[in-house]
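Data block below; observations after.
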Amino acid sequence: MDWLRQRLAEQGGRAGFAPVMDWLLNDPTHGFYGSGRVRFGPQGDFVTSPSLGSAFGELLLRQLIPLLAALAARTEGPIRLLEWGPGEGQLAAQLGQGLLELDPPWLQRLELVLVETSAPLRDRQRQRLVPLALPHRWATAAELAAAPTPGLVLAHELIDALPVERFLLHQGRWHCLEVVLAADGGIGWAPGAPLGAETLAVLAGLGLPADGGGRPEGWTSEWCPALAPWLAQVRQGLSQGWLLAIDYGHPAARYYGPQRDGGTLLANRGQLSCQQLLQDPGDWDLTAHVCITHLEQAAAAAAWHWRGASLQGEALLQLGLAAEISALSAPGPLDLPQRLARREELLRLVDPYLLGGFWWMLLATEGSCNFQADGEGLTRPGWWP
Ligand SMILES: C[S@@+](CC[C@H](N)C(=O)[O-])C[C@H]1O[C@@H](n2cnc3c(N)ncnc32)[C@H](O)[C@@H]1O
């Protein structure tokens, strides 16, 4: 019996998808991230913006610098740049190196902090950051909450990895869609208990009324019960500051549109995607799009202020990507193959069908950021929606 069957048997033969997704991704022995099996980048399981090269980090830093400068100007003592879910540590390394080169006046006060649940990935991040001269360390959410400081949290492709619960319309009501171990050892899906009042209230707020709103029997999707607790956890680690979440997502009207039966969950491995979520347990990445409306609605309950969302392609163009592409057409310090490779990287970051379709979602703590106010050292992001 493989480990997932064993785990289901221990649970009485069935479980909601959220705990199953948590095992498949985060189990320290078997999980895709927890075991360290994941490989990032073009030669690995999937590509993320920082795994393509240094361009993403360089452009992103142009926005992070004024936000960190504003925090430094209004506070005393340490400030933090935190990355939650840093994967291979590529983005943290690129941002850290970029900060050292730019040497802003508050650099001595800055500490880079990484929050990572997978022990093997923490080790890989440590190795990558060995040459980095900027002070950096790893912390747990509980350690951060025990001593909050001003800071800026980056969550790049983190929320899409938070476990989601699947649900379906069954006999005219929303039910949990559970993973079930059959008597013959097969693993499949079956309706579980009706969703409780709290979950129904969340779904109603996202445009899914308790009677299904005209969707057909058997219609399925997913939602993220881990999102609100995660937002609260991140907020507890900051005395003031920002959270910039970058991920693929849809507003609720699109996420839960009647035509989108089946939801957004995908399994990824070796640059392939499929909807077989339970095959080769722990060997595939599992990911769901972020419901941007849910993030916006959950923010307030976790003491965040929603500051808006912008497409990555638009944000990066505003931050100077077009000027960089144009500069690459003339000879410069890079030779021709290097110029072509850099151009290709920049184009992939803005292509709306690739990484340009990601969303930058910004949240702020109370009073930490009012872009209307002049004279506070705040720079309104050029990509502001
Ligand atoms: C999809 S990867 C993104 C990696 C990286 N940010 C990138 O874009 O290349 C998700 C990362 O988040 C980590 N992770 C998942 N859940 C987490 C949690 N609750 N807290 C901290 N890290 C988490 C995973 O182990 C992995 O490093």
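The shown structure was predicted, so the numbers you read here are calculated from the model rather than taken from an experiment. In what follows, residues are counted from 1 in the order of the sequence shown. Remember, it's 1-based here, ligands and their atoms both numbered in the order they're listed.
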Could you give the side-chain donor-acceptor pairs of residues 343-353 under 3.5 Å, partners two or more places apart or in another chain?
| unit_1 | atom_1 | unit_2 | atom_2 | d |
| --- | --- | --- | --- | --- |
| Glu345 | OE2 | Ser54 | N | 3.3 |
| Glu345 | OE2 | Ala55 | N | 2.9 |
| Asp351 | OD1 | Tyr353 | N | 2.8 |

Is it true that the NZ or CZ of Arg166 lies under 6.0 Å from the centre of Trp189's six-membered ring and within 45 degrees of the ring axis?
yes

Of Glu116, Glu143, Gln125, which is the lone residue that meets side chain to side chain donor-acceptor pair (under 3.5 Å) with Trp138?
Gln125

So for atom CZ, which belongs to Arg173, do other residues, nucleotides or ligands contribute more than 12 heavy atoms lying within a distance under 6.0 Å?
no

Expected list for residues 204-213: side-chain donor-acceptor pairs under 3.5 angstrom, two or more places apart:
| unit_1 | atom_1 | unit_2 | atom_2 | d |
| --- | --- | --- | --- | --- |
| Asp211 | OD1 | Gly213 | N | 2.9 |

Validation: residues 15-36 side-chain donor-acceptor distances under 3.5 Å, sequence neighbours left out:
| unit_1 | atom_1 | unit_2 | atom_2 | d |
| --- | --- | --- | --- | --- |
| Asp22 | OD1 | Asn26 | ND2 | 2.8 |
| Asp27 | OD1 | Arg7 | NH1 | 3.1 |
| Asp27 | OD1 | Arg7 | NH2 | 3.0 |
| Asp27 | OD2 | Thr29 | N | 3.0 |
| Asp27 | OD2 | His30 | N | 2.8 |
| Tyr33 | OH | Asp285 | OD1 | 3.0 |
| Ser35 | OG | Gly31 | O | 2.6 |
| Ser35 | OG | Arg37 | N | 3.2 |

Does ligand 1 have any N/O pairs with the protein under 3.5 Å, and how far apart?
| unit_1 | atom_1 | unit_2 | atom_2 | d |
| --- | --- | --- | --- | --- |
| ligand 1 | 6 (N) | Gly85 | O | 2.8 |
| ligand 1 | 6 (N) | His156 | O | 2.7 |
| ligand 1 | 8 (O) | His156 | ND1 | 2.6 |
| ligand 1 | 9 (O) | Thr48 | OG1 | 2.9 |
| ligand 1 | 20 (N) | Trp84 | NE1 | 3.4 |
| ligand 1 | 25 (O) | Glu116 | OE2 | 2.6 |
| ligand 1 | 27 (O) | Gly87 | N | 3.1 |
| ligand 1 | 27 (O) | Glu116 | OE1 | 2.7 |

